[in-house]
Asks: 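Handing you a structure now.
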Amino acid sequence: MTYKPKSEFLHVMQTRGFLQDCTDLEGLDNRLLEGIVPAYIGFDATADSLHVGSLIQIMMLRWLQKTGHKPVTLMGGGTTKIGDPSGKDESRQLLTSDKINENIAGIRTVFTKYLSFGDGATDAVQPNNADWLEGLNYIEFLRDYGRHFTINRMLAFDSVKLRLDREQPLTFLEFNYMLLQAYDFMELNNRFGVGLQMGGSDQWGNIVNGVDLTRRINRKQVFGLTTPLLTKADGSKMGKSAAGAIWLNEDRLSPYEFWQFWRNTLDADVGKFLRLFTELPLDECDRLAALEGAEINDAKIALADAATTLAHGADAAETAKATAREVFEKGGVGDDLPTVTLSAGDLSDAGISVVQLFVKAGLAGSGKEAKRQIADGGAKLNDAPIANAGVMISADQLAGTVKLSIGKKRHALAKLG
């Protein structure tokens, strides 16, 4: 019989589809009923924004706060210098301290949309593990904590086995990552009373290590909880689109493009995404997910509106929807479409090739992809099919605004600045 949580947080996690595994579900449930539980998720600063692939974790932290507990959004200023091997086939590019700090500042703006930060009991905090990891004495660290980890067990974790099974190199630097993440849990338990670490199911081994180390060293009972790894119904990775990552920061991806990502959700994913990425009541999620035929588009619009409102605000969501209506229903240009502004230096005497323009506008990942779309008849200029890939767009044309389209759903504007 499936355990039915009594605490509001775990009830939400279970009924909305967030819950995969927990080190002690009943024990955590009881702890949550006793009072405020600080809980953390770690985020390495590999870019200056998070993308939709991290949104399931962000929503967990948001629900944690909404149900009366304290979110801790740990920034991996120290661990980013190593790189988490979980789910990776190769080593990460190593970043400088300045770049990592720049990325952390960008990521902070994402969290402020979803969480309330401050000094209150349930206000979110954002520590940086560089504060304690960079000052570690390596010899003392190995002596005091390394003895609690066995190579046998570390080799059994999926994050390590995956790389070894594929005969991909796993550096000793990366192998240390799981020790440092376990140390993070112990340190956060000391500093903030953190009693729970959450993450994707690929983090299970790292989380269990942290639970074990904290119990052994601090003599405290702590817990770990994971979410299912999320893929779309067609098997593709969550957070990616044909044009690239679906970033959460507006300066990396416009609210219109963000809205369109959700509007283009596969029919089979609508119900799941409504439960995970919106705060609509479950009965409303179920009602929308049950719609069929053309009516499923109403559910997709509801999903796009709710998800965009959380990330960018209600005004941005309404503007994005109005732009989509203008572009798709009325055949207009839509002033809020993503716009690429070219300089005179981008043009030759003859102008710029339509292939280059599609790449610069982000509608094609490469010239080869743009040419394929043109050859297949899927590319349009000002709503007219493009005859061939050799078409040039002149400075005079760009003095106004030209509309670029790939298929029926991807559009952008281009103009000369």
Side-chain angles (χ1 to χ4, degrees), residues 51-52 55 113 232-234 236 238-274 276-280 284-285 287-289 291-341 357-358 360-364 373 377-386 400-415:
H51 59 67
V52 166
L55 193 51
K113 302 289 183 64
K232 293 187 279 189
D234 62 3
S236 62
M238 185 66 184
K240 299 286 186 180
S241 73
I246 305 301
W247 299 105
L248 300 179
N249 275 6
E250 186 173 345
D251 59 351
R252 295 291 295 265
L253 188 81
S254 73
Y256 171 79
E257 291 172 289
F258 188 80
W259 189 93
Q260 276 296 323
F261 169 77
W262 298 106
R263 171 63 180 82
N264 295 335
T265 294
L266 297 169
D267 292 2
D269 285 330
V270 171
K272 177 171 64 176
F273 287 2
L274 282 164
L276 291 173
F277 300 118
T278 81
E279 294 173 342
L280 295 175
E284 178 65 1
C285 294
R287 183 191 73 80
L288 289 167
L291 296 176
E292 297 180 347
E295 288 187 337
I296 193 66
N297 290 322
D298 294 336
K300 294 180 182 182
I301 289 171
L303 169 62
D305 285 348
T308 306
T309 296
L310 285 173
H312 298 295
D315 289 346
E318 188 57 40
T319 299
K321 181 162 63 174
T323 298
R325 190 181 303 117
E326 176 71 20
V327 172
F328 300 119
E329 295 178 12
K330 301 179 181 179
V333 171
D335 293 335
D336 195 46
L337 284 175
T339 301
V340 57
T341 302
L357 202 52
F358 273 99
K360 285 184 177 293
L363 294 179
Q373 292 285 357
K380 294 181 179 181
L381 179 68
N382 292 330
D383 296 322
I386 299 170
T401 299
V402 299
K403 179 183 174 185
L404 306 167
S405 305
I406 294 286
K408 296 180 179 180
K409 298 179 179 179
R410 296 169 56 203
H411 306 273
L413 305 179
K415 64 182 181 179

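All values below come from the heavy atoms of this structure, side chains included, with hydrogens, waters and symmetry mates left out. This chain uses plain numbering: 1 for the first residue, then up along the sequence.
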Asks: Heavy atoms only: give me the nearest Q260-A324 pair and the separation to one decimal.
Replies: NE2-CB, 3.5 Å
Asks: Could you tell me whether D315 atom CG has more than 12 heavy atoms of other residues or ligands within 6.0 Å of it?
Replies: no
Asks: E284: which residues meet the salt bridge (charged side-chain N to carboxylate O under 4.0 Å, His left out) condition with it, sequence neighbours left out?
Replies: R287
Asks: Rounded to the nearest 0.5 Å, how far apart are CD of Q373 and CD1 of I406?
Replies: 4.5 Å
Asks: Please list all pairs meeting side-chain hydrogen bond (donor to acceptor under 3.5 Å, both in side chains) that have one or both residues in residues 301-314, counting only residues at least two apart or in different chains.
Replies: W259-D305, D305-K321
Asks: Look up atom CG in L288 and atom CG in L274, then write down how far apart they are to the nearest 0.5 Å.
Replies: 5.5 Å
Asks: What is the distance from atom CG of L291 to atom CG of D298, rounded to the nearest 0.5 Å?
Replies: 6.5 Å
Asks: Applying side chain to side chain donor-acceptor pair (under 3.5 Å) between K300 and each of D267, N264, D269, report the one that passes.
Replies: D267
Asks: Which atoms form the tightest heavy-atom contact between T265 and F273, and what is the distance?
Replies: CG2-CD2, 3.6 Å
Asks: Closest heavy-atom contact between F358 and I386?
Replies: CE1-CD1, 3.4 Å
Asks: Where is the tightest heavy-atom contact between C285 and L280, given as atom of each residue plus distance?
Replies: SG-O, 3.5 Å
Asks: How close do A311 and K113 get, counting heavy atoms only, and between which atoms?
Replies: O-NZ, 3.3 Å
Asks: Give me the atom names and distance for the closest heavy-atom approach of A268 to A233.
Replies: CB-CB, 3.8 Å
Asks: Is there side-chain contact between Y256 and T319, with heavy atoms separated by less than 4.5 Å?
Replies: no
Asks: Distance from K232 atom NZ to K272 atom NZ, nearest 0.5 Å?
Replies: 10.5 Å
Asks: Quick one: does E279's side chain get under 4.5 Å of L310's, heavy atoms only?
Replies: yes
Asks: State the NZ-CG distance between K380 and L404, to the nearest 0.5 angstrom.
Replies: 13.0 Å
Asks: Ring-plane angle category for F277 and W262, please: parallel below 30°, perpendicular beyond 60°, tilted otherwise.
Replies: tilted
